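Here's the structure we're looking at; comments come further down.
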Amino acid sequence: MRHRYNSCVSCLGEQLHTASSQVQELALCMLMKFIQLEGRFPLESAIWKDGYRFPRHLLKLVIDGLLQEEKDCSAVILRFQEFLEYDDIRYYTMSVVIERIAQVYQNNKETLPSIFLNNVFGLLSSINMPQDDKLSNFLVAQKEKVDEWKPAKLMEHKKIFERVWMGFLKHKLSVSLYKKVLLILHESILPHMTKPTLMIDFLTVAYDVGGAISLLALNGLFILIHQHNLEYPDFYKKLYSLLDPSVFHVKYRARFFHLANLFLSSTHLPVYLVAAFAKRLSRLSLTAPPQCLIMIIPFICNLIRRHPACRPLIHRPSAEADLASDPFIMEEKDPAKSCALESSLWELEALQNHYYPNVLRAANVISRALSTQESDISELLELSAYELFEKEMKKKFNTVPLEFEPVEGLLGKKHDITAEHFSLL
């Protein structure tokens, strides 16, 4: 009977590697049922006294089938997600994943296949860490001393969670996988680590990469700076360099400006730094699309409201005489050397001639005395061109101004000879 049972388990393990996702899901559910029953009716006695019985070898067979090296297993991983709600399955899954990564790393001579890394990320990202200190939702019920069992302790879950993520992130990731990790890092990973500061190196390296990866790393760095006292000497210099024309067209634009607004909200920032950000945004606004301008102009005005020492930027008449002699150096990466305080925000005055009425009205704010109350830009961050178009289409006009020449005669031209002999009835 034992031999037949082991043969059945081996066959089910092989079915996890078949092409049919339906067969894979059936094999998965059957093996998970075996885990539950074998934990309840163990085939072998505990190795040590009061030892906790969990059929770890069966779970390892399942995880090996989920984390294949040459096949995308996202469909089966999605089905396995329902079992991760059990505290013991979640704990031992993370433990087995650590071993699986080390095994594949050794077999592939220190390089991990991209498909395997995607499977690992799909499995790890589907883990929802518990919030309560007391864990009692187990697939394999333990009869005694459950409180001393590691899967029953939240701190043990956090430790193994931290180990598995650190073990995964130390390997070279593709750009797309890099972005996926950074997207969930601040919400799904950092809050559940025992030592979030271990992510400092990963985030600082990502922040120095540039482009969209730097934008996505801002979330994690924000948490480490504000909650864990991370010191990053050139943080604002790097943030300043991220402001280029492409920032208005990336998918993560709303997230970037939301965080930039938080980072620049402190009233203790140097005046030259705030002025550099305001001036650079003003210069970029000359080529920005309307949906971004509606958000950028209040953003700049809020910076000036927080730092009254920057008001000369909108009240300096000398720069109006010769705009070509603007002292601001757009190409300078260091905000301290950009000469922004010596310039003016003449770009906002230029936007008062914009073709879109809402942008024109927003730019007219600088022609009046700025109020002390900041504008709320939260609703403007995710504004799209489609929404602007739809809004304009719904407007109703009673009169429409037109400029045209009334038709005269047969050909419609004024003072034409045909107009003398033919007319339209």
Side-chain angles (χ1 to χ4, degrees), residues 67 74 77-78 81 84 90-91 93-95 97-98 100-101 105 112 114-131 154-236 238-239 241-242 247 250-264 381-382:
L67 303 182
S74 54
I77 290 173
L78 187 63
Q81 190 172 352
L84 289 172
R90 185 192 311 113
Y91 178 84
T93 293
M94 291 187 284
S95 176
V97 168
I98 295 174
R100 177 63 176 161
I101 293 175
Y105 181 71
L112 293 179
S114 58
I115 296 177
F116 172 75
L117 287 172
N118 283 320
N119 287 332
V120 174
F121 174 76
L123 181 58
L124 294 181
S125 60
S126 61
I127 294 176
N128 295 319
M129 288 292 286
Q131 303 293 335
L154 180 60
M155 186 53 65
E156 295 295 334
H157 275 258
K158 288 189 174 184
K159 287 179 181 178
I160 197 74
F161 180 81
E162 182 176 276
R163 280 181 56 203
V164 70
W165 271 109
M166 295 303 295
F168 172 67
L169 294 178
K170 73 180 182 181
H171 297 286
K172 186 177 180 180
L173 308 178
S174 63
V175 175
S176 60
L177 195 55
Y178 216 148
K179 292 179 181 179
K180 290 178 183 178
V181 171
L182 291 170
L183 273 171
I184 67 169
L185 187 69
H186 64 290
E187 290 181 347
S188 304
I189 301 177
L190 286 178
H192 305 298
M193 295 179 67
T194 56
K195 296 179 181 178
T197 50
L198 292 174
M199 284 290 183
I200 288 176
D201 291 339
F202 176 78
L203 284 169
T204 51
V205 169
Y207 192 51
D208 291 334
V209 169
I213 290 179
S214 293
L215 301 185
L216 293 173
L218 275 175
N219 265 116
L221 282 175
F222 176 75
I223 293 175
L224 293 181
I225 289 173
H226 282 259
Q227 298 180 11
H228 302 282
N229 300 320
L230 168 65
E231 293 184 5
Y232 195 101
D234 296 327
F235 176 78
Y236 283 98
K238 182 65 180 178
L239 183 64
S241 67
L242 290 177
V247 79
V250 293
K251 187 177 13 177
Y252 318 107
R253 182 190 73 209
R255 175 181 292 199
F256 171 74
F257 281 104
H258 169 71
L259 290 170
N261 189 42
L262 289 176
F263 284 124
L264 296 171
L381 292 174
E382 298 186 9

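The model shown is predicted, which means the values in this text are computed figures rather than measured ones.
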Listed partners of [X] passing side-chain contact (heavy atoms from CB on, under 4.5 Å), at least two apart:
X: His228; result: Pro196, Thr197, Ile223, Leu224
X: Val209; result: Ile213
X: Pro130; result: Arg90, Leu135, Leu154
X: Ser214; result: Tyr207, Lys238, Leu242

Among all residues two or more places apart in sequence or in another chain, which pass the side chain to side chain donor-acceptor pair (under 3.5 Å) test with [X]?
X: Ser174; answer: Ser176
X: Asn128; answer: none
X: Asn118; answer: none
X: Ser74; answer: Asp72

Among Leu173, Leu215, Leu216, whose side chain to side chain contact (heavy atoms under 4.5 Å, CB included) with Lys179 holds?
-> Leu216
[X] [atom1]: over 12 foreign heavy atoms closer than 6.0 Å:
X: Arg255; atom1: CZ; value: yes
X: His258; atom1: NE2; value: no
X: Glu382; atom1: CD; value: no

Measure across [X] and [Y] and return the closest heavy-atom pair with its distance rounded to 0.1 Å.
X: Leu230; Y: Leu221; value: CD2-CD2, 3.7 Å
X: Ser126; Y: Ile77; value: OG-CG2, 4.4 Å
X: Leu381; Y: Arg253; value: O-NH2, 3.3 Å
X: Ser125; Y: Gly122; value: OG-O, 3.2 Å

On the 0 to 90° scale, with breaks at 30° and 60°, tag the Phe263-Phe222 ring pair as parallel, tilted or perpendicular.
-> perpendicular
To the nearest 0.5 angstrom, please state how far the NE2 atom of His171 sits from the CG atom of Leu117.
-> 7.5 Å
Distance, nearest 0.5 Å, that separates CG of Leu203 from CG of Leu218 = 10.0 Å
Partners of Phe168 by ring pair (Phe, Tyr, Trp, His ring centres under 6.0 Å), sequence neighbours excluded?
-> Trp165
Who pairs with Phe202 by ring pair (Phe, Tyr, Trp, His ring centres under 6.0 Å), at least two apart in sequence or on another chain?
-> Tyr178
Do [X] and [Y] come within less than 4.5 Å of each other through their side chains, counting heavy atoms only?
X: Thr93; Y: Val164; value: no
X: Ile101; Y: Leu112; value: yes
X: Met94; Y: His157; value: yes
X: Ile127; Y: Leu124; value: yes
X: Phe256; Y: Leu239; value: yes

For residues 180-190, run the donor-acceptor check on the side chains, cut-off 3.5 Å, and write out each pair with its distance to 0.1 Å, sequence neighbours left out.
none

With Thr194 as partner, the option from Lys159, Lys158, Glu162 fulfilling side chain to side chain donor-acceptor pair (under 3.5 Å) is Glu162
Arg100: salt bridge (Lys or Arg N to Asp or Glu O under 4.0 Å) partners, not counting sequence neighbours | Asp64
For Tyr236 and Leu264, run side-chain contact (heavy atoms from CB on, under 4.5 Å): C-alpha distance rounded to whole Å, both residues' side-chain angles, the deciding distance at 0.1 Å, then the answer.
-> CA-CA 9 Å; Tyr236 283 98; Leu264 296 171; 4.1 Å; yes
